[in-house]
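Here is the structure we will look at.
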Amino acid sequence: MTTVPLSHQTDSWPFIKAPLSESDFRLLFTQHPIPMWLYDPVSLKFLLLNNAVYDFYGYTAEQMAGMTMFDIRPECEYERMRAAIDADIDFGKPQLWRHLKASGETVEVVTYGRHTVFDGKPAVLVIIQDQTEIAQARHEINQTRSLLDSLIKNLPVGVFIKDMQDDGRYILFNQAAEAITGKNALEVIGKTDSQIFDEDYTQRFVSEDRDVMENDTTLTIENDIPLPDNCRHVRVVKRAIPAQIGGNSRYLIGLMEDITEKQALQTHLTHAALHDALTNLPNRVYFSQHTSKLFSTSQPQQGHALLFLDVDHFKHINDSIGHAAGDELLSQVARRLRTYLRPEDFIARLGGDEFAIIHSFDMNNPDYRQEISLFAEEITELFQQPYLLEDNSEYIGCTIGVVLAPHDGQDIDTLLRNADLALYAAKADLRGTYRFYEKSMRDAVEKRHRTAMELHKALQNDEFVLFYQPIFSLTTDQITGCEALLRWQHPTRGLITPDDFIPIAEDTGIIAAIGAWALQQACQDATRWPEKIRVSVNLSPVQFNSRNMLDIVKSALATSGLQANRLELEITETVLLSNTAYNTELLFELRKLGVRIAMDDFGTGYSSLNYLRTFPFDKIKIDRSFVSDIDSDKRNLAILQAVVSLGSAFNITTTAEGVETQEQLTRLKSEHFGEVQGFFTGKPMPQPEVCDFIASHDY
Ligand code: C2E
Ligand code: CA
Ligand code: CA
């Protein structure tokens, strides 16, 4: 903006035509909004004051007429005032004073004094500028600044500012920055990096700073800062402070944070998230990550064997010696495996007593299968060494399912599922061994799955039928009863025997509904037979888990009207193995109804004689495997004889199953068996046929 001298402007000001008169001046003076006065330099009294003075100081004209320069000042200013008068210094340039108002309030003012002449005598003209608001604003600025200063000083984040137009000299370095770097602000401020740090650091810092300033970017850098007694990990964020009024930025601000602990915690958390706390082995998550990375980066000829390990009878250790011992065992297992494996083998604990090992091999090696077999075998042997638990040597084993990638699956989920199948097959064969996965295992599972699905529909569609196999008394040669044997009339697969679907029905729980149906149907069918002939119905151990077993039997009897003593329930030892107290009680309850209870498949399971004491069975059915080679195997005969003795001692009927020949029948008769059942005496047949069969044998 250019200034134009006032005289040049006059023409364009229409109001100012002639020089101002004295009365105009007086008016101007009196009405002027800025307080001003004239005073007598000798008496220091006011000579002339304008209205703004009265407004500002709060005195009336009368009051001020008698007042001197001292009367508008607080006492603390008297001395300075006197000195100013003596030295005649209060003139020419503005002076800052404290003045006193009528109200007693002190205010800051700037005064401008000029020597002049009034009424022919020397006078001083004083113009007053109120500083209160300016002082207030300045005060506030100061306060804000000191607040900012103390804020920066006390920020828990290290802050530094460099002046990039002055070689990057530090102009701010707060306390936190001192603590983080171990450098005192006094040794930093006013210096450049090269004066503070060694060459390496300086070079790095300078190039970072250049990047920030030239590209106007925000840079985040992590650095290790060596301190005398340790090393800190520091994260620094650098950026340019934007220039206030355009142009290039001048200052660079850096924020630093000591992330040593945070990073240590992060490292710890990452480790914890990927490792099993007990054994410190990689966990399932880590295992998945590792394998998917491994598979995706493998060379074409590289194969990977996944060994899925399960500790045999681990639950037994946990239950008998306690969980602490169980944990200790798993730790020992982990250590033992880790020591045995090659460094490049990967091992993880997948959960519970399951471990997985990834053992890579060369597919070009024609003997790789043997090599892996040997590896698996060595691991099973390794397991068989005793473990020291609570001062005792414990012996355990492990069973292994083996899958080969990529042959048996491309992704880890498929591989694990297949390894699980191989493990399952190995367990079924013999614990303490290993099995390679085979396609047939998956087919079997899929078939099983299909069957499970179909079983549900089968019940609704009435696809089940009961066949009846007659049981003969060896003393009277008469039919004493018939065993109900379930069949599934499958719409496409034809007649399916129970061994092919009962285990699946047991797994899925649908056996409860199927069993209830069979019980109901068998009781119904038996009402068509002569009264002396009983019906035997097989009960699955799983049915005992459904708590309404007793009601189901009661209802079957009630709806059919069959006499309770014509119903015989066949159970296996498994029923007495689990839920013992409840199941035994249930057997007694059933017995109370008048129902007979038979022990089926005797000799195949644990055959604890204890079970014969737990519950007074009405019948023992010896498994057909003992009957089949009764003539060739003397031991079988001995067992059969023992069962006969047991039966007579406990007064329990003995029944031999699976009689297929006349010789077997004769033999059993001579051994004094109570009853026989088998293809030789009568095959299982549908209800209409069995009715005829009974009629034809009823003599
Ligand atoms: P189980 O209770 O031992 O039934 C006897 C099995 O032996 C029957 O097989 C029968 O057909 C067969 N069998 C009878 N005589 C001979 C013989 O002389 N030689 C040979 N080799 N076998 C003979 P099935 O009908 O296939 O039943 C198999 C198993 O399925 C039964 O064994 C039983 O455990 C179970 N089961 C059958 N029906 C039911 C049922 O309604 N519910 C339950 N839970 N299980 C059932
Ligand atoms: Ca049976
Ligand atoms: Ca049986």
Side-chain angles (χ1 to χ4, degrees), residues 455 458-459 463-472 479-490 494-526 534-546 549 552-553 556 567-575 596-605 617-630 653-665 667-668 673 675-687 689-690 693:
L455 274 173
L459 200 59
E463 287 169 14
F464 293 111
V465 266
L466 285 178
F467 275 36
Y468 294 98
Q469 185 176 35
I471 302 167
F472 284 87
I479 300 175
T480 56
C482 294
E483 178 176 4
L485 295 163
L486 193 60
R487 300 288 179 269
W488 179 7
Q489 189 64 60
H490 190 278
L495 201 66
I496 307 181
T497 49
D499 290 335
D500 286 341
F501 67 86
I502 287 206
I504 303 171
E506 286 181 331
D507 277 358
T508 60
I510 185 100
I511 189 67
I514 298 175
W517 173 86
L519 196 64
Q520 174 65 48
Q521 188 63 43
C523 291
Q524 196 65 54
D525 288 345
R534 294 192 192 97
V535 65
S536 303
V537 179
N538 293 285
L539 291 187
S540 156
V542 178
Q543 283 177 270
F544 278 71
N545 296 343
S546 59
M549 182 75 229
I552 286 169
V553 176
L567 175 63
E568 190 168 72
L569 300 176
E570 297 192 2
I571 64 155
T572 55
E573 284 173 337
T574 326
V575 168
R596 287 163 57 93
I597 311 284
M599 159 82 81
D600 203 358
D601 299 344
F602 191 77
T604 51
F617 288 93
D618 297 289
K619 182 185 276 189
I620 299 174
K621 297 183 83 172
I622 188 153
D623 192 70
R624 66 168 182 268
S625 55
F626 295 94
V627 177
S628 56
D629 37 23
I630 187 171
T653 311
T654 47
T655 306
E657 291 186 295
V659 183
E660 292 178 347
T661 62
Q662 178 62 55
E663 290 73 37
Q664 288 167 348
L665 181 64
R667 194 68 203 240
L668 290 164
F673 248 84
E675 297 178 338
V676 284
Q677 175 184 355
F679 292 167
F680 184 70
T681 49
K683 288 194 173 175
M685 51 199 121
Q687 165 74 351
E689 272 177 50
V690 87
F693 188 91

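Remember, it's 1-based here, ligands and their atoms both numbered in the order they're listed. Heavy atoms only: backbone and side chains are in, while hydrogens, waters and symmetry mates are out.
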Which atoms of ligand 1 are found less than 4.0 Å from any heavy atom of G678?
-> 15 (N), 18 (O)
F673 and side chain to side chain contact (heavy atoms under 4.5 Å, CB included): which partner among V627, L665, I622?
-> I622
For ligand 1, is there an N or O atom under 3.5 Å from any N or O atom of F679?
-> yes
With sequence neighbours excluded, residues passing ring-ring contact (aromatic ring centres under 6.0 Å, His included) with F501 = F464, W488
Minimum side-chain heavy-atom gap L539-M549 below 4.5 Å | yes
Atom OG1 in T681, atom CD in Q469: separation rounded to 0.5 Å?
-> 6.5 Å
Nearest non-hydrogen atom to atom 20 (C) of ligand 1 belongs to which of E506, R487, E660?
-> E660
E483, any N or O under 3.5 Å of ligand 1 N or O | yes
Can an N or O of T497 be found at a distance shorter than 3.5 Å from an N or O of ligand 1?
-> no
Using a 4.0 Å heavy-atom cut-off, say whether I502 meets ligand 1 through its side chain, its backbone, both or neither.
-> side chain
Can you sort out which atoms of ligand 1 are near P684, meaning under 4.0 Å from one of its heavy atoms?
-> 11 (O)
What distance separates Q521 CD from I514 CD1, expressed to the nearest 0.5 Å?
-> 14.0 Å
Find all atoms of ligand 1 within a distance of less than 4.0 Å from any non-hydrogen atom belonging to V659, and give their numbers and elements.
-> 18 (O)
To the nearest 0.5 Å, how far apart are CD1 in I630 and OG in S625?
-> 11.5 Å
Nearest 0.5 Å, what's the OG-CG distance between S536 and L569?
-> 8.5 Å
D600: which N/O/S atom is nearest the Ca ion (ligand 2)?
-> OD2
G515 heavy atom under 4.0 Å from ligand 1 | no
Out of curiosity, Q664 CD to D629 CG, how far, rounded to the nearest 0.5 Å?
-> 9.0 Å
Can you list the atoms of ligand 1 that are under 4.0 Å from a heavy atom of D601?
-> 3 (O)
Checking only N/O/S atoms, does S536 have one that is under 3.0 Å from the Ca ion (ligand 2)?
-> no
Only heavy atoms count here, so choose which of S536, P498, S540, S628 is nearest to atom 27 (O) of ligand 1.
-> P498
Residue pair L466 / V537, side-chain heavy-atom distance below 4.5 Å | no
Quick one: which of E657, K621, Q469, R624 has a heavy atom closest to atom 7 (O) of ligand 1?
-> R624
Contact atoms of ligand 1, heavy-atom distance to L485 under 4.0 Å = 4 (O), 8 (C), 10 (C), 11 (O), 25 (O), 37 (C), 38 (N)
D500: what forms a side chain to side chain contact (heavy atoms under 4.5 Å, CB included) with it, not counting sequence neighbours?
-> I496, T497
Tell me, which N, O or S atom in E483 is closest to the Ca ion (ligand 2)?
-> OE2
Verify the distance test for D601 against the Ca ion (ligand 2): any N/O/S atom under 3.0 Å, yes or no.
-> no
N or O pair under 3.5 Å between L486 and ligand 1 | yes
The Ca ion (ligand 2) - closest N/O/S atom in E570 = OE1
Sole candidate of T653, T654, T655 that passes side-chain hydrogen bond (donor to acceptor under 3.5 Å, both in side chains) when paired with E675 = T655
For a salt bridge (charged side-chain N to carboxylate O under 4.0 Å, His left out) with K621, tell me which candidate from E570, E568, E573 qualifies.
-> E570
